[in-house]
Every structure is written in structure tokens, then in C-alpha cells.
Amino acid sequence: MVEKFYVTTPIYYPNDIPHIGHAYTTLAADVVARWNRLLGKDVFFLTGTDEHGKKIEQTALEKGKTPKEFVDELIPRFKEAWKKLNIKYDRFIRTTDKDHEKVVKEMLQKVYDKGDIYLGNYEGYYCTACEAYFTEKDLIEENGKLLCPIHKKEVELLKEKSYFFKLSKYQKQLLELYEKNPDFILPKKRRAEIINRVKEGLKDLSISRTSFDWGIKLPFDETHICYVWFDALFNYYSATRDPSKEKFWPADVHLIGKDIIWFHTVYWPAFLISAGIELPKTVFAHGWWTFDSEKISKSRGRVINVDELVSIAGVDSARYFLMRATPFGDDGDFSEKSLIEKHNNELANKLGNLVSRVAGLIEKNGVEKTENKLLEKLAINEIKEKMKNYELDKALNDIFAFIDECNEYIQEKKPWETKDKKVLYELADSIKAIAILLWPFIPETSEKIAKGFGFEIRDLEQINKPLENSNIKKGEILFRKIDLKQKYTQD
Ligand code: MSP
């Protein structure tokens with residue numbers, strides 16, 4: 001039986017411009033999905049938008065639109081951005097999709113019937129930008145105002161009747177979950193923080209609102225609408241309720257940013273345990289892209305949107321930079337200059353040169369099939385292990401170490417002098433392996449290489465099958481170097 005693999009991204013608030021932060025998670029999910037396709041698995045890759053909640057309602061009203069009209073206009077921006085970045089998801093879920101709303105209602109009813117939801121009074125500080133409550137100790141005080149620690153915006157004091165989810169009841173089961181499943185929270189360094197906070201105790205969670213309308217009505221009390229995070233988190237599950245998709249649950253990995261780790265590693269498993277549903281295997285939280293160490297986001301006024309990102313040096317260079325420049329899991333400071341440097345030094349000089357030199361020499365001299373000894377230098381098992389552990393940057397390091405080996409091999413064997421067709425075959429067959437391994441990261445480039453070298457990218461097994469084609473063509477230049485000096489003196 002073919003193994004399944006299910007990867008998700010957070011569903012984004014559609015009133016933001018798709019920027020480098022959203023692109024980062026979605027791109028990582030695309031890389032992980034493509035990698036698992038290469039492993040021969042049946043992959044389901046889900047992304048989408050989080051469309052209910054006060055924030056959307058407020059913005060729509062300011063613009064004189066209904067929330068639904070407003071969100072409908074925004075969705076194409078996300079779809080276009082993912083297309084531009086060559087991201088191939090299997091479903092784009094919207095929390096306004098009917099099948100999703102139906103599942104959320106069923107889940108609310110299930111949790112209610114279990115006795116895990118009760119009516120109470122809520123009073124607390126709320127940040128609309130986060131769609132989250134804060135206790136006073138977590139807020140920043142500035143000029144007599146209380147500000148949200150993430151958005152640095154003033155919070156509101158909300159008082160309302162609200163239904164509560166008995167989160168406190170799940171403290172022990174959550175701690176057991178983290179204990180028994182060391183991979184539930186990745187990277188490992190984030191586990192301790194969550195475990196400590198859960199140990200400090202959990203308060204019941206307000207999961208309904210009456211102060212606005214834009215959301216899913218509670219099935220047992222239609223005067224309340226469902227808290228946006230309960231609604232949103234269930235997207236991962238509702239996308240698998242179609243009979244053809246049921247096999248994909250539980251998710252293999254929810255990729256998220258570290259800002260929303262609490263929602264995904266505490267609320268989400270608690271909701272699922274309450275509803276009697278199997279738990280996802282891993283929640284992986286990556287770091288933030290920053291400018292001068294401040295998180296990039298629209299509400300702080302400094303963003304790099306997807307169009308800008310792609311316009312610097314092309315799609316594959318943007319994809320490569322985001323995955324390579326910083327360890328997956330850590331923060332990274334964004335700079336256009338370092339993107340161009342990676343484009344020039346690694347993609348153009350190392351990969352691009354290798355491919356065009358080898359193709360050029362083969363066009364002139366031909367190849368002769370032989371055993372590819374060079375392939376022994378490829379750390380394939382390490383690469384597989386790193387990809388399995390979501391060490392995406394480290395896997396790229398190993399692939400590039402092999403590119404270096406190939407470049408050194410040319411220098412050492414000098415096939416332009418010796419015209420050694422066997423050496424050229426080894427290089428061509430190694431380039432095949434490189435193109436396959438890089439396909440999840442830079443698919444367009446890998447496909448161009450594959451075309452020139454006469455093979456199709458299907459799976460990792462192909463690496464061990466010798467290249468059959470001998471009619472190799474020097475195709476177009478893969479990466480044109482960008483003159484950094486000229487660029488920055490012109491500005
Ligand atoms: N709608 C919620 C998620 C619900 S998931 C059930 C939400 N949306 S969001 O539009 O604010 O997107 C949050 C996600 O975008 C983060 O978790 C992260 O994946 C990504 N990023 C947004 N800004 C980021 C950076 N500056 N750097 C890296 N990623 C960040 O929260």
C-alpha cells in the first residue's frame with residue numbers, strides 16, 4: 001500500500017498582503033510536500049485562509065462591504081502569490097467553505113455533548129490583531145495604555161457572556177502527550193517552553209462571542225458565534241472529511257510560525273482529545289523573518305510582499321534563499337543583498353556553472369556510459385534523514401557539498417583536455433541526482449536541467465538508475481549573475 005503524507009500551513013488572515021512571512025511557511029510546506037512525492041508517497045498539501053472574526057468584520061465595515069464580499073475579493077491575492085512562487089497545494093480551504101462550517105458545527109456539538117463546554121462570563125484584555133486574549137501580566141504598559149506584546153497596539157477590555165471550553169481538564173493528558181511523543185512539538189528547543197507553561201496550569205478557554213456576528217453560530221445557542229481559533233484550527237480536520245480524503249487524517253505535520261505555537265500545541269490537541277479524534281503527529285514551528293530583528297508584518301509597517309521577493313532574482317532564487325539562508329526553526333534577518341549573494345555565489349557559480357560546463361563539454365565530446373563512482377560522495381542517507389527531521393537548510397547544505405565535489409572533480413580530471421567521455425558521463429549522471437534532489441526547492445530549474453539531460457523527475461529511486469540518454473543539450477543559462485556593485489551604486 002502507498003504510504004500517505006499530510007502537510008498543512010496555517011490558514012492566513014486574508015486582509016494582509018501575502019508577504020515573506022506567509023510565503024515562508026507555505027514554501028516550506030511545498031518543499032516538504034514535493035519531497036514526500038519524490039519518496040513515492042500519496043501526498044495531501046493543504047493551505048487556505050482564515051476568514052471569520054472581528055478583525056475581518058471590522059475592516060470590511062470600514063470599507064463599506066459585507067465581510068463575505070470583502071474576503072471574496074482578497075482570496076485571489078493569496079492564490080496568485082502561491083502560483084507565482086510555484087507552490088502546488090492540493091486544496092485551498094476557506095473557513096467560509098460550507099463543508100468546513102458543517103464540520104465545525106459538528107465538532108462544537110460533540111464537545112458540548114461530552115460536557116466540555118459551559119456558559120460563563122468573560123472579562124479580559126483582547127487584541128483584535130492577534131484574535132487572542134491576554135492577561136495583564138503579558139501586556140506592555142506605555143503612557144498609561146496597555147499594549148499587545150506582539151502588535152504593540154492598544155488592547156480592549158472585553159466583558160461578555162461566553163461559553164467556555166474546559167481546557168483545564170486536559171492539562172494532564174497534554175503533558176502525557178508531550179512526554180510520550182517527543183516529536184509532537186518540533187524543533188525540540190520549543191518543547192520545554194510549552195511544557196513549562198502547561199505545567200503552570202491551564203485556564204478554561206472562552207470559545208464564543210456575542211459582540212459581533214461574523215462567524216459560525218454555535219449549534220446549541222445561535223446567539224453566540226464560535227471563537228475564531230476553534231473554527232480555524234478545525235480546518236485541518238475538515239479538509240479530510242471528504243471520503244476520498246479521509247485516509248489523510250491524522251496530519252503528519254502542521255507547519256506554523258512560532259507565534260502560533262500555543263494555539264497548535266495546547267488548544268488544538270485539547271479540542272481533538274475532547275472530540276475523540278486522533279492527534280496530528282507533529283507541529284513544527286519555524287522562526288520569524290525580521291528586518292533589523294523586528295518581526296516583519298503589515299501591522300508594523302515593514303513588509304516584503306511576494307511580488308517584491310520574486311522580483312529580486314527570480315522565483316527559484318527566492319525559494320532557495322528562504323530555505324537556505326537560515327536554519328529552519330530559527331529567526332532570520334532579511335536582506336536583499338544576501339539573497340543576491342546566494343543567487344550569484346551558489347546558484348549561478350556553483351550549480352549553474354556545473355550544469356552548463358558539463359552540458360557544453362558533452363555536446364562537443366559525447367559521453368560513454370560507465371559506473372558512476374562520483375555518486376559515492378553524495379550523502380543521500382544523511383539528506384533523507386535531515387528532510388525527515390525538517391532540517392531543510394541542512395539537507396540543502398549536503399546537496400551543495402556534492403555540487404562542490406562535482407566541481408572539484410572537473411577541475412581535477414580536466415575533461416576539456418582529456419575529452420574523457422566516461423568522466424563526462426559520471427558528471428551527467430551526478431547532475432541528474434542533483435536535479436532530482438533540488439526539485440522540491442527549485443522545481444523550475446530542476447525541470448530545465450532534466451529537459452536538457454533528457455530525463456523526467458519522478459522519484460528518488462531514479463538516482464540509482466543510470467542515466468540512459470546521451471543526447472545532452474546545453475540549454476539556456478539557469479541563473480544570470482546580478483551585478484551587486486552596479487545595483488547598489490545606481491540606487
Ligand atoms: N489565521 C491565523 C492562523 C490560523 S491556523 C489554524 C494566523 N494567520 S496570519 O495571517 O497571521 O499568519 C500567521 C503565520 O504566518 C505565522 O504562523 C507564520 O507561519 C507566518 N508568518 C507571518 N509573519 C511572519 C514572519 N515575519 N516570519 C515568518 N513567518 C511569519 O495567525
Side-chain angles (χ1 to χ4, degrees), residues 7-30 32 46-56 59 71 74-75 77-78 81-82 87 92-96 100 103-104 107 127-132 148 150-151 153 190 215 226-239 251 253-269 271-272 280 283-306 309 321-323 325-334 390:
V7 53
T8 69
T9 73
I11 46 172
Y12 305 106
Y13 294 126
N15 56 337
D16 211 345
I17 320 161
H19 61 67
I20 182 175
H22 310 121
Y24 189 45
T25 327
T26 320
L27 193 53
D30 188 57
V32 168
L46 180 74
T47 189
T49 40
D50 187 355
E51 305 186 5
H52 292 125
K54 195 167 177 177
K55 182 152 63 174
I56 296 286
T59 330
V71 288
L74 297 173
I75 305 312
R77 289 205 303 208
F78 276 84
W82 303 155
I87 288 169
F92 190 102
I93 194 167
R94 302 178 52 180
T95 50
T96 49
H100 169 74
V103 172
V104 172
M107 293 301 121
C127 168
T128 308
C130 293
E131 295 283 11
C148 146
I150 296 179
H151 295 89
K153 281 189 178 169
R190 306 228 185 262
C226 175
Y227 173 43
V228 66
W229 274 97
F230 187 100
D231 167 358
L233 284 162
F234 270 99
N235 90 86
Y236 304 132
Y237 180 66
S238 59
V253 63
H254 294 310
L255 291 177
I256 58 163
K258 65 178 183 180
D259 43 342
I260 53 176
I261 192 168
W262 183 254
F263 300 92
H264 282 80
T265 58
V266 181
Y267 297 173
W268 181 222
F271 295 157
L272 288 170
V283 174
F284 186 103
H286 62 67
W288 284 343
W289 281 97
T290 57
F291 272 130
D292 307 326
S293 310
E294 274 278 296
K295 182 182 174 228
I296 295 171
S297 72
K298 194 178 87 177
S299 43
R300 306 244 203 103
R302 288 189 85 179
V303 284
I304 286 242
N305 66 37
V306 167
L309 185 65
F321 174 78
L322 289 184
M323 291 299 114
T326 179
F328 196 53
D330 294 358
D331 291 348
D333 216 37
F334 182 79
Y390 306 103

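All ligand and atom numbering here is 1-based and tracks the order in the structure.
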**Any N or O of D50 closer than 3.5 Å to N or O of ligand 1** = yes

**Item:** Pairing residues for H286 by the ring pair (Phe, Tyr, Trp, His ring centres under 6.0 Å) criterion, not counting sequence neighbours
**Value:** Y24, F328

**Asked** With no hydrogens and no angle check, is any side-chain donor or acceptor of T95 less than 3.5 Å from a backbone partner on E51?
**Response** yes

**Item:** A232: numbered ligand 1 atoms lying under 4.0 Å from its heavy atoms
**Value:** 6 (C)

**Request:** Please confirm whether G257 comes within less than 3.5 Å of ligand 1 when only nitrogen or oxygen atoms on both sides are compared.
**Result:** yes

**T8 and H254: side chain donor to acceptor below 3.5 Å** = yes

**Prompt:** Considering only heavy atoms of H286, which atoms of ligand 1 have at least one such atom less than 4.0 Å away?
**Reply:** 19 (O), 28 (C), 29 (N)

**Prompt:** Excluding sequence neighbours, so at least two apart, what forms ring pair (Phe, Tyr, Trp, His ring centres under 6.0 Å) with F263?
**Reply:** W229, Y267

**Message:** With nothing but distance in play, are any N or O atoms of T25 less than 3.5 Å from an N or O of ligand 1?
**Reply:** yes

**Message:** Between I75 and F92, is there a side-chain heavy-atom distance shorter than 4.5 Å?
**Reply:** yes

**Request:** Please confirm whether D259 comes within less than 3.5 Å of ligand 1 when only nitrogen or oxygen atoms on both sides are compared.
**Result:** yes

**Prompt:** Should you measure from each heavy atom of H22, which atoms of ligand 1 turn up under 4.0 Å away?
**Reply:** 10 (O), 12 (O), 15 (O)

**Complete:** So for F263 against ligand 1, with non-hydrogen atoms under 4.0 Å, the contacting part is neither

**Message:** Show me which atoms of ligand 1 lie under 4.0 Å from any heavy atom of H19.
**Reply:** 22 (C), 23 (N)

**Asked** Once the angle between the rings of F230 and F234 is folded into 0 to 90°, is it parallel (under 30°), tilted (30 to 60°) or perpendicular (over 60°)?
**Response** tilted

**Request:** Report yes if I11 has an N/O atom closer than 3.5 Å to an N/O atom of ligand 1; otherwise report no.
**Result:** yes

**Message:** What I'd like to find out is whether the side chain of R190 reaches to under 4.5 Å of the side chain of T265, using heavy atoms alone.
**Reply:** no

**Message:** I'd like to check whether W289 has a polar contact with ligand 1, where a contact means an N/O of the residue lying under 3.5 Å from an N/O of the ligand.
**Reply:** yes

**Message:** Under 4.0 Å, counting heavy atoms only: does G287 come that close to any atom of ligand 1?
**Reply:** yes

**Item:** Any Y236 heavy atom less than 4.0 Å to ligand 1
**Value:** yes

**Prompt:** Is the backbone of W288 close enough, under 3.5 Å, to the side chain of D331 for a donor and an acceptor to pair up by distance?
**Reply:** yes

**Asked** Applying a 4.0 Å heavy-atom criterion (strictly less than), which segment of K258 is in contact with ligand 1: side chain, backbone, both, or neither?
**Response** neither

**Prompt:** Can you say whether the rings of H264 and Y236 are parallel (under 30°), tilted (30 to 60°) or perpendicular (over 60°)?
**Reply:** tilted

